[in-house]
Number of protein chains: 2
Amino acid sequence: MTAIVDVALDRLRKQDAAVPESGAALTIAEMAERTGVSVHTLRYYERIGLLTVARGAAGHRVYGADDFARVVFLNRLRMTGMPIRELRRYVALVGEGEQTVPERLAMLIAHREAVRAQLAELQFALATVEFKIAAYGGDCAP
Amino acid sequence: MTAIVDVALDRLRKQDAAVPESGAALTIAEMAERTGVSVHTLRYYERIGLLTVARGAAGHRVYGADDFARVVFLNRLRMTGMPIRELRRYVALVGEGEQTVPERLAMLIAHREAVRAQLAELQFALATVEFKIAAYGGDCAP
DNA sequence: GCTTGCGTTCGAGTGCGCTCGAAGGCCTAG
DNA sequence: CTAGGCCTTCGAGCGCACTCGAACGCAAGC
């Protein structure tokens, strides 16, 4: 449990520290390293249409700063529980051009509400855990 | 997304309103109704050892107030992302008696930290979503 | 020239947490 | 007496999001 969260936090730290200068070209391994998203998952995301990545010399993927930004954004949405299905829809809308901005906005606003509700729920359940801890007499929080 | 959360919130409202008086006996259907946990899932939880339910006349499950409390508690832990595996461990400890209280406490405290981290992460990602909404110019929050 | 190491594709496998279907038992109402 | 409805068990199936294995390609270094 803690390990999972630590992985997520590590990822955030990495992403902050690893924004590539625009114009930079990254290999898949470098992207994995900088975004904290595995090589396997990067390829998977591409397969299902979340990413469209340019190819270089030997057919190898070449990621740009924009790809980095997208992966990080997708990752944030995933962190908040947006299902892959919706990510695909969002990306499809981006692909359709500026006229889909209102719909994208609507998606994000709906999602924001969902995340807020999720936060409320989590805080509520946390209270139950804290109550139980208190009931066991262990209120030795750091 | 929103639907999922609404389901969860409905469940919480239900659980609050549906605490049985102690001594009450509930059928599986009533438990499902009151806890918001499906009949299928209640049986599943029993199968994997999270619950031990008494049987009545025709071999039917008979749930008491304590079972209700446990289901609600398990449900809260699930809401915070505790995996089934750990629920089983916790329940096993409960079954072993009072001397396992320290270990249970340790589990809960570790879990509390995980939930707090999860909250922080969620808030962080929410900020990203809000930033994006602002970038799209849609700051028409309710 | 041959190993090392990175990359490629494709399809299949994994783990989780349910969710469901089939086949049948018991009880009550019409 | 029979139909409906709720219950039982068991094993299988599902949706999600990865995750991995197999088989192969290219390019640099010893």
Side-chain angles (χ1 to χ4, degrees), chain A residues 1 3-5 7-8 11 25-63 67 71 73-91 111 114 118 125, chain B residues 1 3-5 7-8 11 25-63 67 71 74-91 114 118 125:
Chain A
M1 202 68 235
I4 294 168
V5 171
V7 166
R11 183 175 301 188
L26 302 175
T27 67
I28 195 168
E30 286 162 348
M31 274 291 279
E33 170 64 21
R34 296 192 187 204
T35 61
V37 175
S38 82
V39 167
H40 282 308
T41 302
L42 285 170
R43 281 199 277 250
Y44 166 67
Y45 280 2
E46 193 175 342
R47 211 166 23 173
I48 64 174
L50 290 184
L51 252 36
T52 311
V53 184
R55 300 305 158 109
H60 291 189
R61 289 167 176 83
V62 179
Y63 293 88
D67 295 315
V71 170
F73 183 58
L74 292 176
N75 189 231
R76 302 283 153 91
L77 290 178
R78 288 287 309 120
M79 280 172 57
T80 56
M82 183 179 283
I84 295 283
R85 185 176 354 108
E86 284 192 50
L87 294 181
R88 294 176 69 173
R89 168 123 193 82
Y90 186 87
V91 166
H111 186 60
Q118 202 183 328
Chain B
M1 201 69 238
I4 295 168
V5 171
V7 166
R11 182 174 301 187
L26 302 175
T27 67
I28 195 169
E30 287 162 348
M31 274 292 277
E33 170 64 22
R34 296 192 187 204
T35 60
V37 175
S38 83
V39 167
H40 282 308
T41 302
L42 286 171
R43 281 198 278 251
Y44 167 67
Y45 279 2
E46 193 174 343
R47 212 166 22 172
I48 64 174
L50 291 184
L51 253 34
T52 311
V53 184
R55 299 305 155 111
H60 292 188
R61 289 167 176 83
V62 179
Y63 293 88
D67 296 315
V71 170
L74 292 175
N75 189 230
R76 302 282 154 92
L77 291 177
R78 287 287 308 121
M79 280 172 57
T80 57
M82 183 180 281
I84 294 283
R85 188 177 348 109
E86 284 192 47
L87 294 181
R88 294 177 68 171
R89 170 123 193 81
Y90 186 87
V91 166
Q118 203 183 329

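Letters A, B, ... mirror the listed sequences (proteins, then strands); counts begin at 1.
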(request) Kindly compute the distance separating OH (A:Tyr45) from CZ (A:Arg43), expressed to the nearest 0.5 Å. (result) 14.5 Å

(message) Using a strict threshold of under 4.0 Å (side-chain N to carboxylate O), is an ion pair present between B:Glu46 and B:Arg88?
(response) no

(request) Would you indicate, yes or no, if D:dC18 has its OP1 or OP2 atom less than 4.0 angstrom from a side-chain nitrogen or oxygen of A:Tyr45? (result) yes

Protein-nucleotide distance ([X], atom [atom1]; [N], atom [atom2]), rounded to Å:
X: A:Ile48; N: D:dG15; atom1: CD1; atom2: P; answer: 16 Å
X: A:Glu86; N: D:dA17; atom1: CD; atom2: C1'; answer: 15 Å
X: A:His40; N: D:dC16; atom1: NE2; atom2: C1'; answer: 18 Å

(request) Kindly say whether A:Pro83 contributes a backbone atom to a donor-acceptor pair with the side chain of A:Glu86 at under 3.5 angstrom? (result) no

(message) Closer than 3.5 angstrom, by distance alone: can the side chain of A:Thr35 be matched with the main-chain N or O of A:Met31 as a donor-acceptor pair?
(response) yes

(request) Would you grab the first and last nucleotide of DNA chain C (5' to 3') that comes under 4.0 Å of any non-hydrogen atom in chain A? (result) C:dG7 to C:dG11

(request) Output all residues satisfying side chain to side chain donor-acceptor pair (under 3.5 Å) with A:Tyr90, sequence neighbours left out; order by chain, then residue number. (result) B:Tyr136

(request) Spell out protein contact along nucleotides 3-11 of chain D as letters: B when the base is contacted, S when just the sugar-phosphate is, - when no protein heavy atom is under 4.0 Å; keep the 5' to 3' order. (result) ----SBB-B

(request) State, to 0.1 Å, how close B:Leu51 and B:Leu42 come at their nearest heavy-atom pair, and which atoms those are. (result) CD2-O, 4.2 Å

(request) Indicate the atoms forming the closest heavy-atom contact of A:Asp67 with A:Thr52, along with that distance. (result) OD1-O, 3.9 Å

(request) Ignoring hydrogens and angles, state whether a donor on the side chain of A:His111 or A:Thr80 is under 3.5 Å from an acceptor on the partner side chain. (result) yes

